[in-house]
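Presented below is the structure to which this report refers.
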Protein chains: 2
Amino acid sequence: MGQESSVIHDKCGVETTIAVVGGKWKPMILYALLSGPRRFGELTRLIPEITQRMLTLQLRELEEDEVITREIYKQVPPKVEYSLTPLGRTVEPILSFMQQWGEHFTNTRATSEGHSRDQRRDEL
Amino acid sequence: MGQESSVIHDKCGVETTIAVVGGKWKPMILYALLSGPRRFGELTRLIPEITQRMLTLQLRELEEDEVITREIYKQVPPKVEYSLTPLGRTVEPILSFMQQWGEHFTNTRATSEGHSRDQRRDEL
DNA sequence: CGGGATCCAACATGATACTG
DNA sequence: CAGTATCATGTTGGATCCCG
């Protein structure tokens with residue numbers, strides 16, 4: 001009883017996943033960290049389009065989510081290294097799945113026809 | 001040569017996936033459609049918090065991405081039905097993976113400690 | 001019933017300059 | 001080097017009213 005419409009209160013893990021690994025920059029940041037610890041400056045060079053501001057903000061969020069760690073070496077000039085946590089390493093498979101589905105999606109649509117909603121997701 | 005920094009131009013499928021199934025409403029809409037075709041009014045009842053405007057916008061995007069179809073029955077009062085396309089049905093597994101990773105993430109963090117970034121993703 | 005049109009608030013992101 | 005601070009803009013979502 002009470003399932004009259006079975007309303008969806010599906011604040012599901014999907015949202016969580018998107019919140020943690022989604023967005024414009026986090027996938028690239030995480031991808032950059034898969035190969036090992038990186039310094040702030042390295043990340044800006046690996047992801048040239050990102051601003052310092054956004055990199056800082058995204059790194060702080062990832063850190064708060066315990067997906068990465070931030071290690072400060074007390075020295076001059078300053079050195080800070082970012083690394084994936086064990087939890088952070090579990091993102092690799094999910095990113096991989098999302099990547100694959102995204103490519104499948106793009107390929108499927110590319111075959112049958114070619115119109116696009118925003119600025120062509122497959123442009124680069 | 002030329003791979004000096006191996007810059008990440010990873011406008012990868014991850015972004016595509018997020019663009020198609022991500023966001024605040026699309027997962028719920030897709031979930032609602034997994035069980036079969038739904039009318040506009042049904043969807044608003046299944047997802048009470050969504051506004052008509054957002055439901056319309058999201059449905060249009062999903063339609064343009066060929067994830068769903070929109071069938072208009074010419075009659076009075078008007079009747080419109082939304083259904084998943086075959087491509088749309090392929091989202092089920094990826095949504096499932098994202099769901100599972102999101103729950104794993106939440107559980108992992110819940111055990112060791114309890115602080116949160118935004119308004120607790122696991123609140124409901 | 002199933003929207004479209006308009007206006008507005010909130011948030012995400014960008015540009016630029018400055019600092020310990 | 002690794003940020004912070006400030007300001008401007010873009011994008012998203014909500015509220016409300018109207019229409020075939």
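Chain A is the first sequence line, chain B the second, and so forth, proteins listed ahead of strands; every chain is numbered from 1. Remember, it's a predicted structure, so these values are computed and weren't measured experimentally.
Annotation: side-chain hydrogen bond (donor to acceptor under 3.5 Å, both in side chains) contacts of Arg70(B) (sequence neighbours excluded): Tyr82(B). Applying the side chain to side chain contact (heavy atoms under 4.5 Å, CB included) criterion to Lys79(B), with sequence neighbours excluded, gives Arg39(B), Tyr73(B), Gln75(B), Glu81(B). Partners of Pro78(B) according to the side chain to side chain contact (heavy atoms under 4.5 Å, CB included) rule, which considers only residues two or more places apart in sequence or in another chain, do not exist here. Under the side-chain hydrogen bond (donor to acceptor under 3.5 Å, both in side chains) criterion, Thr90(A) pairs with Trp101(B), not counting sequence neighbours. Residues passing the side-chain hydrogen bond (donor to acceptor under 3.5 Å, both in side chains) test with Ser96(B), sequence neighbours excluded: Gln100(B). The salt bridge (charged side-chain N to carboxylate O under 4.0 Å, His left out) search around Glu42(B) returns Arg38(B), not counting sequence neighbours. Checked against side chain to side chain contact (heavy atoms under 4.5 Å, CB included), Ile18(B) has the following partners two or more places apart in sequence or in another chain: Met98(A), Val14(B). Applying the side chain to side chain contact (heavy atoms under 4.5 Å, CB included) rule to Phe97(A) yields the partners Ile94(B), Phe97(B); only residues at least two apart in sequence or on another chain are considered. Applying the side-chain hydrogen bond (donor to acceptor under 3.5 Å, both in side chains) rule to Glu92(A) yields no partners; only residues at least two apart in sequence or on another chain are considered.
Put simply, CD on Glu15(A) is 11 Å from P on dG13(D), counting in whole angstrom units. As rounded to whole Å, 11 Å separates atom P of dG13(D) from atom CE of Met28(B). We find that CG of Leu55(A) is positioned 10 Å from P of dA2(D), with the value rounded to whole Å. Between the CG atom of Leu59(B) and the P atom of dG13(D) there is a distance of 13 Å, rounded to whole Å. One atom, CZ of Arg60(A), and another, C1' of dA12(C), lie 18 Å apart when rounded to the nearest Å. dG2(C) atom C1' lies 6 Å from atom CZ of Phe40(B), rounded to whole Å.
Within residues 68-81 of chain A, the residues that have a heavy atom under 4.0 Å from DNA chain C are, in order of number, Pro78(A).
The backbone N or O of Ile50(A) lies less than 3.5 Å from no partner atom in the side chain of Lys24(A), so there is not a single donor-acceptor pair.
For dG3(C), one of the phosphate oxygens OP1 or OP2 lies less than 4.0 angstrom from a side-chain nitrogen or oxygen of Tyr82(B).
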Give each protein N/O atom lying under 3.5 Å from an N/O atom of nucleotides 13-18 of chain C, with the pair distance.
{"from": "dT13(C)", "atom 1": "O4", "to": "Arg53(A)", "atom 2": "NH2", "distance (Å)": "3.3"}
{"from": "dG14(C)", "atom 1": "OP1", "to": "Lys24(A)", "atom 2": "NZ", "distance (Å)": "2.7"}
{"from": "dG14(C)", "atom 1": "OP2", "to": "Trp25(A)", "atom 2": "NE1", "distance (Å)": "3.3"}
{"from": "dG14(C)", "atom 1": "N7", "to": "Arg53(A)", "atom 2": "NE", "distance (Å)": "3.3"}
{"from": "dG14(C)", "atom 1": "O6", "to": "Arg53(A)", "atom 2": "NE", "distance (Å)": "3.3"}

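For the side chain to side chain contact (heavy atoms under 4.5 Å, CB included) test with Ile68(A), the passing option among Leu62(A), Leu87(A), Ile29(A), Val91(A) is Leu62(A); the others fail.
Taking five base pairs at each end of the helix from dC1(C)-dG20(D) to dG20(C)-dC1(D) and finding the rotation axis that steps the C1' atoms of four pairs onto the next four gives two axes whose angle is 50°, to the nearest 10°.
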